[in-house]
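Accompanying notes for the structure given below.
Order of the sequence lines fixes the chain letters, A, B, ..., with proteins taken first and strands second; residue numbering starts at 1 for each chain. These values consider heavy atoms only, across backbone and side chains, with no hydrogens, waters or symmetry-generated copies.
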Amino acid sequence: MSKMHIQARLNDEDIEFLAEPRQSLLEVLRDEIGLTGTKEGCNNGNCGACSVMLNGRVVNACCVLAVETHGAEVTTIEGLAHGDQLHPLQQAFLEEAALQCGICTPGFIMSAKALLDREPNPDEHRVRFWLAGNLCRCTGYDKIVRAVMKASARMQEAK
Amino acid sequence: MTTAERPTYSVIGTRPIRPDGVEKVTGKAQYGADIHLPGLIHAKVLRSPHAHARILSIDTSEAEKHPGVLAVVTHRDLPNAADKIEELGESAVNVKEVSDNILASDKALYRGHAIAAIAAASPHVAELALAKIRVEYEVLPPVLDVRDAMRDDAPLLNESRRTKTLMTGELSEKPSNIATYNRFAGGDVEAAFASADVVIEREFTTKMVHQGYIEPQTSTANWNSDGTLTIWTSTQGAFAVRGLVSEVLKLPINHVKVVPMEIGGGFGGKLPIYLDPVVALLSKKSGRPVKATMSRTEVFEATGPTSGTYIKVKASAKGDRLTAVQATLCYEAGAFPGSPVGAGSMTMLSPYNLENFDLHAYDVVVNKPKVAAYRAPGAPAAAFAIESVVDELAKHQKVDPLEFRKVNASRQGTRMVNGIAFPRIGNEEVVEAALNSPHYRSPIEGPNRGRGVASGYWFNGGMQSSVVVAVNTDGTINLVEGSTDIGGTRASLAMQLAETLGVPYDTIRPSVVDTDSIGHNDVTGGSRTTFASGLAVFEAGMDIRRQMVARAAKLWGVAEEDVVYESGVLRCLKDSTRQLTFKEMAAQSARTGGPITGKASLLARGAGGAFGTHIVDVEVDPDTGKVTILRYTAVQDVGTAIHPSYVEGQIQGGAVQGIGWALNEEYFYDETGRLVNASFLDYRMPTTLDVPNIETILVEVPNPGHPYGVRGVGEVPIVPPLAAIANAIADATGHRFTDLPMSPRRLVEELNGLA
Amino acid sequence: MARVIIPATLRSLCGGSPQVDVEGATIGAVLHALDVRFPGFYGRVVEDGRLRPELAFALDGEVVALGLHDAVAPETEIAIVPALGGG
């Protein structure tokens with residue numbers, strides 16, 4: 001299977017890579033580009049651990065072919081912090097102890113960011129609805145939801 | 001140091017940010033599958049499509065010739081394992097059974113059982129080449145239910161297995177799928193039944209369920225030219241992996257180095273090894289580092305879920321007293337013996353002060369994956385049974401179910417069914433706190449709504465830990481430890497060290513290191529790490545204090561008894577102007593005798609068991625069978641909450657796993673032994689929408705066996721939810737469900753008489 | 001005197017008693033003393049010179065990894081229980 005040459009924008013930087021048509025974006029991010037912050041939990045769109053932003057929408061990277069990102073804009077967890085400036089969601093997750101093993105955390109943060117980007121002031125039910133596509137087995141979700149609400153409040157205040 | 005009352009702590013009880021937190025929220029932390037090595041190749045495993053079959057032949061010749069394939073292994077590549085038990089990790093293992101589970105030898109014992117493995121330049125090539133391996137099977141009838149497996153005419157997984165009576169060692173005459181039988185008995189149950197006000201008898205079943213960790217198993221191995229082996233893996237215990245791998249591959253222990261990567265959940269499921277010897281052998285054969293990561297389907301089919309069970313309970317009450325319990329517990333072990341029926345039978349009556357009991361426990365093999373530990377293994381199913389019956393007894397005797405538990409509560413000195421007397425425990429305090437909780441005092445109103453309560457107990461482990469604490473000349477500290485950090489133990493250990501030394505928490509940098517770099521550490525599991533590694537950290541800290549006292553005494557020309565170390569400061573008793581802070585002493589280490597390093601390597605004694613009582617309000621939709629959790633409160637004795645956020649997190653996580661187990665999760669097999677729902681879509685774990693906030697009430701009854709009163713907290717919370725929810729549904733609908741899960745379909749069927 | 005709590009399935013070997021008091025300075029000595037009174041007891045629980053791996057000792061209420069050579073204080077209570085692990 002011969003590889004295709006893909007050009008895209010990844011975390012605000014221009015990027016080029018080679019990918020076989022059968023390779024998912026998840027596989028290419030992790031194994032070709034070397035960004036392992038996006039995690040594989042199920043490889044069939046059921047756990048959300050591989051959530052990334054594609055042209056401003058949150059998607060499961062395991063369900064996107066890498067070649068589909070040609071000319072597109074991709075944001076992964078590695079693109080959120082700026083130097084030592086954490087995104088409010090990252091900071092809130094730390095303060096609220098919203099992670100235990102941390103494997104689902106990048107996916108949750110990306111999904112939550114997608115929500116807060118489009119709806120700055122969601123109530124708890126809206127947060128739970130939006131995040132139902134991300135599975136966590138360690139926390140029981142309580143502190144994750146609190147962290148998202150806290151980040152949302154802080155982002156509102158900052159405006 | 002005893003901790004009868006709660007002292008005032010400086011660091012313990014606060015909520016600092018965990019040391020590994022920034023790496024984890026920025027995606028930089030390296031989990032097992034994130035490892036990249038030069039020349040890395042990828043492995044895939046061929047698995048049995050049959051639940052029960054004799055393996056007549058395996059022909060790998062075509063696969064070996066497939067372009068891009070660099071190595072192929074089967075059971076023939078494993079050294080011959082003796083059929084005996086070795087003590088490794090947390091429990092004893094039969095090395096032949098471990099070896100046979102890793103790569104099947106003469107029989108495939110479950111669908112998904114590993115048969116062979118291929119390493120190739122890309123995982124896609126490896127997967128394609130699997131199809132070229134030719135395996136000849138003689139398919140045999142599978143046995144898939146624990147009661148079916150116990151019948152005299154059941155197909156046998158192992159024709160030479162006899163039933164062992166656990167304590168006497170006696171073996172049955174005929175072969176059987178029942179691997180072991182044990183009995184606990186005390187008092188006179190028949191007399192108690194005869195004189196009781198009420199006797200209730202119920203049968204319960206639970207299905208096989210999975211721990212559901214989001215990160216699949218993964219292992220990467222590099223077999224070096226000098227015959228040493230390095231393994232990077234996702235595990236709850238690097239030393240357990242090292243021990244098992246060295247045993248299975250017959251290597252000297254120090255030839256194996258295991259690097260524990262960050263782990264994406266375990267809950268007991270990452271105590272056994274599956275991939276490590278396979279990638280090691282592939283690396284040896286190919287001369288390249290080899291990585292294998294399981295797919296989600298493989299995780300479901302071929303790792304270690306927990307037992308499905310059949311439990312029969314007969315219990316009696318007189319007045320407000322529980323007077324006798326007779327029970328039979330039958331647990332599925334999966335393909336090889338070793339279900340947690342022992343722990344189930346030993347914990348189920350722990351909340352109660354009961355003299356009359358008779359428990360029969362059976363460990364039974366079936367054609368399903370070999371079970372592994374799942375958070376308080378064995379206890380949840382047994383608690384489901386007994387706590388449901390206790391609920392019925394209390395209701396029959398018109399006693400509030402929590403009052404019933406209070407009247408019958410076990411306490412210090414009460415004997416467990418195995419004869420062991422409880423030390424200081426927090427059972428009564430927990431029940432009392434539940435009775436007084438805002439949740440329990442609030443009314444529950446509305447149609448189809450109900451409230452249920454249940455209690456549970458878990459032992460909590462001690463075992464071995466080793467740490468080294470190095471004091472740097474600027475007063476900062478490196479804490480070197482070997483306990484995989486699954487849920488915040490870097491923080492809880494750093495906090496205990498900070499408390500011991502009287503220094504700020506953020507001057508301590510903890511590292512979880514590989515097996516070459518620290519003394520032996522037993523696994524992160526069994527709710528032991530904050531307790532036992534905490535004890536080691538305390539000892540190492542005290543070691544440093546003693547060294548500093550000696551050096552200060554020398555500097556001041558006084559006797560050591562005239563120097564005290566208090567809250568991070570060394571003071572001279574004879575001269576109050578003379579004092580040194582920790583940092584000042586550290587700065588002088590080279591001049592006062594050399595580096596200041598504290599260490600401890602210990603077998604921890606004094607672990608304290610813990611109790612939980614849960615309260616749940618539900619609403620049942622009679623048309624769809626959906627059960628909505630309206631409110632959930634988990635009360636637990638936590639000893640001393642070192643970092644309350646992570647203690648709360650353990651309780652919330654365990655409770656939600658219990659909710660999933662009670663309402664939706666099950667392994668659904670067809671009659672050929674194929675797991676039909678091997679994906680997260682159909683193996684339905686709770687999402688954010690399925691649960692409310694989980695209220696936690698932390699009761700602190702310090703464990704006298706630990707300097708800071710620590711009790712293990714991680715496992716107890718999964719024990720009460722199954723029965724609490726069943727009791728709530730019974731309250732809401734008037735119908736008692738005795739089979740799990742209480743899924744919407746089951747509710748609709750049973751409530752409408754359609755079953 | 002050590003007090004040994006006899007597991008249910010071993011009681012018939014011990015004349016039905018749920019607990020037995022014997023002298024012994026080490027665990028091995030205690031088990032041998034039991035064997036003298038109730039022949040066959042030792043061989044039931046000891047194999048290859050150690051407690052069978054599927055069993056464990058509890059001393060005064062605590063399950064600890066112990067060997068036959070380990071000392072037993074006077075008035076210690078010893079239980080033999082199934083070995084188990086957590087998760």
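Heavy-atom pairs under 4.5 Å with chain B were tallied for A:Ala49, A:Gly34, A:Cys138; the largest tally goes to A:Cys138. When A:Arg146, A:Gln23, A:His125 are compared by the number of non-hydrogen pairs under 4.5 Å with chain B, A:Arg146 comes out ahead. The greatest number of non-hydrogen atom pairs below 4.5 Å with chain A, out of B:Ser122, B:Pro686, B:Ser295, is found for B:Pro686. In terms of heavy-atom pairs under 4.5 angstrom with chain A, the leader among B:Gly212, B:Gly488, B:Ala491, B:Ala655 is B:Gly212. The residue among B:Ile486, B:Asp690, B:Val656 with the most heavy atom pairs within less than 4.5 Å of chain A is B:Ile486. Chosen from A:Leu35, A:Leu131, A:Leu135, the residue pairing most often with chain B at heavy-atom distances under 4.5 Å is A:Leu135. Each of A:Ile144, A:Val145, A:Thr139, A:Asn44 has some count of heavy-atom pairs under 4.5 Å with chain B, and the biggest count is that of A:Thr139.
A donor-acceptor pair is defined here as one N or O able to donate and one able to accept, closer than 3.5 Å; such a pair exists between the side chain of A:Tyr141 and the backbone of A:Cys136. In this structure a side-chain-to-backbone donor-acceptor pair under 3.5 Å is missing from B:Thr26 to A:Ile77. Within the 3.5 Å criterion, the main-chain N or O of B:Lys270 finds a donor-acceptor partner in the side chain of B:Gln236. In this structure, the side chain of A:Asn60 does not engage the main chain of A:Cys63 through any donor-acceptor pair within 3.5 Å. Remark: the backbone N or O of B:Asn664 is not paired with any side-chain donor or acceptor of B:Tyr683 at under 3.5 angstrom.
In this structure, A:Glu68 has no salt bridge (charged side-chain N to carboxylate O under 4.0 Å, His left out) partners at least two apart in sequence or on a different chain. Residues passing the salt bridge (charged side-chain N to carboxylate O under 4.0 Å, His left out) test with B:Asp20 are B:Arg18, B:Lys24, B:Arg490, sequence neighbours excluded. A:Ala132 pairs by the side-chain contact (heavy atoms from CB on, under 4.5 Å) definition with B:Thr687, B:Thr688, B:Leu689, not counting sequence neighbours.
A cation-pi arrangement is absent between A:Lys39 and B:Tyr31 under the rule of less than 6.0 angstrom and at most 45 degrees off the ring axis.
With a threshold of 4.5 angstrom between heavy atoms, A:Asp31 approaches chain B through its backbone and through its side chain. The parts of B:Val22 that come within reach of chain A are both its backbone and its side chain, each placing non-hydrogen atoms under 4.5 angstrom from that chain. Of the atoms belonging to B:Gln650, heavy atoms from both backbone and side chain fall under 4.5 Å from chain A. The part of B:Pro692 that comes within reach of chain A is its backbone (N, CA, C, O), which places non-hydrogen atoms under 4.5 angstrom from that chain. A:Leu80 does not touch chain B: none of its heavy atoms, backbone or side chain, sits under 4.5 Å away. In this structure, chain A has heavy atoms under 4.5 Å from both the backbone and the side chain of B:Ile214. For chain A, the nearby parts of B:Gln657 are the backbone and the side chain; heavy atoms of each come within less than 4.5 Å. Looking at B:Ser679, the atoms closer than 4.5 Å to chain A (heavy atoms on both sides) all sit in the side chain, from C-beta outward.
A side-chain donor from one of B:Asn693 and A:Arg128 sits under 3.5 Å from a side-chain acceptor of the other.
Checked against the 6.0 Å centroid threshold, B:Phe680 and B:Phe300 count as a close aromatic pair.
Inspection of non-hydrogen atoms places A:Gln90, A:Gln91, A:Phe93, A:Leu94, A:Glu95, A:Ala97, A:Leu99, A:Gln100, A:Cys101, A:Gly102, A:Ile103, A:Thr105, A:Pro106, A:Phe108, A:Ile109 of residues 88-119 of chain A under 4.5 Å from chain B.
Note on B:Glu648 versus B:Arg15: salt bridge recorded, some NZ/NE/NH1/NH2 to OD/OE distance being below 4.0 Å.
In this structure, the side chains of A:Val127 and A:Met149 come closer than 4.5 Å at one or more pairs of heavy atoms.
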